[in-house]
Q: 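I'd like to ask some things about the structure below.
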Amino acid sequence: MSGTFNKRLAIVWLVLTAMTLAYIWLDHSADEDGVLKASTVVTVAAIVIALVKVRIIFREFMEVRHAPVLLRRLTDAWVVLMAAFLLGSYFIGSALVG
Amino acid sequence: MTNLQEDSSTKADRHATRFVPGQPDMWVFVLFESLLFTGYFSVYLVGRIQNRELYLQSQAALDLRFGVFNTIALLLSSWAIARCVQASREGAYRDALRDAFLTIGFGVAFLVSKVLEWGKEIRLGNTFTSNEFFQHFFFLTSIHLLHLLIGFIVMGVAVYQLRSPARRSQQLVETCATYWHTVDFLWVLIFALLYVVR
Amino acid sequence: MSADQVASFYRDETARIRYSMILFNWFGVGLIPTVMLLAMQVRRMAHRTPIMSYSLIACAGGPPCLFLIANMFWLLGSFRPERAPELTQLLNDLAWITFTILVPYLIAQCLLLALAIYWDRQERPVFKMWVAHFNLLVAVALAPAAFTALTFTGPLAWDGLLSFWVKNIAIAAWIVVMGGVLGQSILRQRAEERIAA
Amino acid sequence: MSPLRRLLWNFRNHPKRELWFAWWVMVVFYQLYGVLFFLVTRVQPPPSPAWTTPMIVQWFDARHDGILAGFGIVFLISGLCAPMNALLAYSMRRMSVSRIFGYSYLVMYSLSAIPGMLVMAVAMTVGAMRPDRDPEMIRWLYDFAFLSFSGTMGVFMIGSLVWLVAILIDKNDVFPKWFGYLGLCNALTEVVVAPAWIFQRGVFAWNGAIAWWINMVVFVTYTACFIVLLRKMIVREDFGTGPLPDLPSKPERSQADSVGAMQ
């Protein structure tokens with residue numbers, strides 16, 4: 001029992017770390033020849049990856065996966081809510097600035 | 001992520017008894033606090049859009065390596081505390097205690113690297129009052145660091161629980177772990193927003 | 001009063017302001033032990049919770065604290081009376097308004113004490129009923145003083161009939177009467193304890 | 001019995017009259033507080049610290065009567081804080097924790113009204129009192145008012161920490177643990193207002209999105225929670241020293257009330 005759990009946790013950690021390292025690649029791909037550029041694609045990708053990581057932490061590390069339905073739904077709703085807030089403020093803000 | 005989810009819906013799992021890890025009360029904190037931080041993040045993103053060039057230039061002064069190192073340090077600590085919860089659930093308290101100390105160790109690594117990073121930025125002349133980006137940078141990182149410091153107190157409670165057979169309360173250990181994971185996932189968001197977002 | 005009038009008042013009356021305020025500075029805090037004695041008497045009343053005595057304790061710290069702030073503004077005003085009149089006027093205004101805020105705490109004290117006495121229904125109540133009525137009366141007398149800032153003339157102004165004379169006479173009367181009542185009830189308490197012992 | 005007579009009778013004889021009195025004082029105080037600060041004096045939500053002196057003078061002129069009358073009422077009612085803090089201290093007395101908590105909280109919060117609103121009331125009143133005062137001084141009073149109001153955090157931070165520690169180690173179940181954790185959120189937002197002393201504009205200034213608006217939302221949530229929870233505590237109170245009994249179900253409660261009325 002303990003073995004499978006620990007293996008699973010190790011895999012989870014590896015996945016999370018890989019996603020973190022993906023940010024380095026994302027960061028390098030954003031600049032063209034060292035010129036800084038605002039990029040909606042990078043922004044949205046960064047936020048989405050972060051939220052996916054948050055959900056994995058919820059489900060695996062925080063053991064929501066074994067939790068009652070209410071808590072599982074609630075944490076999922078929260079991830080969606082955060083996404084809505086973050087992307088919403090980004091896009092609505094962009095639209096207002098023009 | 002998808003394959004992990006498929007794993008979780010295997011039959012054996014579905015029949016296992018459902019339980020809330022730790023005190024359900026702690027989840028109120030987790031949800032409320034993440035909502036609060038979402039508020040801070042939204043304010044930051046809106047400010048960013050209004051002044052893209054300034055934020056981009058200032059962001060370039062940040063060292064992505066610090067951010068990545070910090071994220072991995074906290075992910076390691078989260079991993080350790082998750083193992084600690086498993087070990088203590090199975091009664092392996094020596095292992096649990098070791099994992100708890102590992103958690104604190106990775107937390108300290110994060111703390112040291114954060115302070116070094118601040119020192120570096122301040123030497124570069126980027127302080128809390130320099131410009132809008134650094135206001136947000138120092139604000140978000142220091143309020144998060146405050147959570148981490150409280151996290152050390154929380155880990156102290158967990159170690160105190162694990163130490164003596166008379167006190168051991170699995171629920172309290174899980175509550176402490178939930179708090180620590182919150183510190184972790186808040187940093188995951190802060191890292192993405194401060195270092196990577198363009 | 002214009003700024004110049006205020007400033008000249010501070011210049012002419014420097015000594016009086018200084019010595020009276022130093023005196024108040026010494027003894028203003030004396031209110032705290034009195035209120036604490038009251039709180040301890042309230043604790044002996046036939047209540048089921050210590051809420052009323054807690055409330056009195058909560059009221060005890062505020063007035064001396066505010067009074068000391070006001071006192072300092074007055075003393076600062078008279079320390080260098082030759083400064084620009086506008087500044088002296090500002091210090092004077094701050095002092096008077098801060099002094100006014102003592103009132104709500106005193107009103108609350110009186111009302112809470114009255115309520116505590118009304119609720120103290122036992123064979124031999126700690127305080128007699130008229131003490132409660134007296135406290136209500138003092139509270140009513142103090143109330144207009146909260147609105148000092150509204151006007152510079154008439155009974156509401158800070159040197160007017162209601163805000164100054166009624167208020168300060170009420171405070172003085174309260175101190176004298178409550179001092180007597182407190183002394184009596186403490187003497188009685190000691191007598192009762194001696195019998196019980 | 002007519003409702004009024006019933007109310008009077010309860011006021012005199014209800015076994016929990018002191019608790020209910022303090023609770024109603026608290027409700028009334030927070031209602032009045034909101035009305036006075038937002039509607040009568042109109043000093044909240046706060047104006048910008050970045051304004052020029054003529055704008056500030058004009059701001060004071062526009063509110064002259066409101067500020068003087070409104071803060072007069074604030075002066076008059078600020079004594080209501082006392083029973084309110086007494087009730088909060090009593091909640092800690094009912095817990096299984098040391099008396100230290102209740103008394104520290106009581107003393108801390110009895111002084112908190114001074115930086116929390118009275119200093120602001122003094123500065124605002126003095127500012128509005130003489131419109132012909134030197135504009136620079138009016139500006140100083142304006143800063144004094146808002147910074148003392150927003151920027152004094154220590155009392156409230158340590159106060160909520162004292163309360164939350166008491167709640168978390170309490171064994172009598174007076175408050176649910178989640179409220180203790182919510183207290184931590186509230187204490188942390190008190191930290192966030194500190195930059196108001198540094199910035200004259202932006203989201204961290206005293207009228208900023210982070211330093212004021214988000215904090216206000218947290219504070220209002222926290223306050224609403226503890227008002228409701230204190231009500232529950234009073235209903236559950238049995239005047240014992242052990243764990244507080246659970247909330248009685250509806251029919252039981254009305255029975256208990258009538259028993260209380262009989263006594």
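All chains are named by letter (A, B, ...) in the order of the sequence lines, taking the proteins before the strands, and each is independently numbered beginning at 1. This one's a predicted model, so the numbers in the text were calculated from it and none came from an experiment.
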Q: Say you draw a straight line from CG of B:Leu35 to CG of A:Leu81; how long is it, rounded to the nearest 0.5 Å?
A: 6.0 Å
Q: Side chain, backbone, both or neither: which part of A:Ala10 has an atom under 4.5 Å from a heavy atom of chain B?
A: both
Q: Should we say atom CG of B:Leu124 is surrounded by more than 12 heavy atoms from elsewhere, each under 6.0 Å from it?
A: yes
Q: Within this structure, what is the CD1-CG distance for the pair A:Ile57 and B:Leu75, rounded to the nearest 0.5 Å?
A: 5.5 Å
Q: So which heavy atom on B:Arg52 is nearest to which on A:Tyr90, and how close?
A: NH1-OH, 3.6 Å
Q: Based on non-hydrogen pairs under 4.5 Å, which of B:Val30, B:Leu31, B:Val85, B:Ile81 is most in contact with chain A?
A: B:Leu31
Q: Select one option (side chain, backbone, both, neither) describing which atoms of B:Leu64 are under 4.5 Å from chain A's heavy atoms.
A: side chain
Q: Is A:Leu71 in contact with chain B via its backbone, its side chain, both, or neither, using a 4.5 Å heavy-atom distance?
A: side chain
Q: How close do B:Leu189 and A:Ala50 get, heavy atom to heavy atom, and via which atoms?
A: CD2-CB, 3.9 Å
Q: Side chain from CB out, backbone as N, CA, C, O: work out which of these in A:Leu9 comes under 4.5 Å of a heavy atom of chain B, or both, or neither.
A: both
Q: With chain A, which of B:Thr182, B:Val20, B:Leu76, B:Ile72 has the greatest number of heavy-atom pairs at distances under 4.5 Å?
A: B:Leu76
Q: For the residue pair A:Ala46 and B:Ala192, what are the closest heavy atoms and their distance?
A: O-CB, 3.8 Å
Q: Find out whether A:Thr75 and B:Trp27 are in side-chain contact, i.e. whether some heavy atom of one side chain is under 4.5 Å from a heavy atom of the other.
A: yes
Q: Using non-hydrogen atoms only, which part of B:Tyr195 is less than 4.5 Å away from chain A: side chain, backbone, both, or neither?
A: backbone
Q: Considering only heavy atoms from C-beta outward, does the side chain of B:Phe185 approach that of A:Phe61 to under 4.5 Å?
A: no
Q: From B:Gln59 CD over to A:Asp27 CG, what is the distance, rounded to the nearest 0.5 angstrom?
A: 7.5 Å
Q: How about B:Tyr160: does its OH atom have over 12 heavy atoms from other parts shown lying under 6.0 Å from it?
A: no
Q: Are A:Trp78 and B:Thr38 side-chain neighbours, meaning at least one heavy-atom pair lies under 4.5 Å?
A: no
Q: Without swapping roles, check the side chain of A:Thr43 against the backbone of B:Val197 for a donor-acceptor pair under 3.5 Å.
A: no
Q: Grab the two heavy atoms, one from B:Ser42 and one from A:Phe85, that are nearest each other, plus how far apart they are.
A: OG-O, 3.7 Å
Q: State, with a plain yes or no, whether a side-chain heavy atom of B:Arg65 is found less than 4.5 Å away from one of A:Ile24.
A: no
Q: Below 4.5 Å from any heavy atom of chain A, which atoms of B:Ile49 appear? Answer side chain, backbone, both or neither.
A: both
Q: Non-hydrogen atoms of chain A under 4.5 Å away: do they reach the side chain of B:Leu193, the backbone, both or neither?
A: side chain
Q: Return a table of donor-acceptor pairs under 3.5 angstrom between the side chains of residues 12-22 of chain A and protein atoms on other chains or two or more places apart.
A:
{"unit_1": "A:Thr17", "atom_1": "OG1", "unit_2": "A:Trp13", "atom_2": "O", "d": "2.8"}
{"unit_1": "A:Thr20", "atom_1": "OG1", "unit_2": "A:Leu16", "atom_2": "O", "d": "2.9"}
{"unit_1": "A:Thr20", "atom_1": "OG1", "unit_2": "A:Lys53", "atom_2": "NZ", "d": "2.9"}

Q: Does some side-chain heavy atom of A:Glu63 sit less than 4.5 Å from a side-chain heavy atom of B:His181?
A: no
Q: Side chain, backbone, both or neither: which part of B:Gln50 has a heavy atom under 4.5 Å from chain A?
A: both
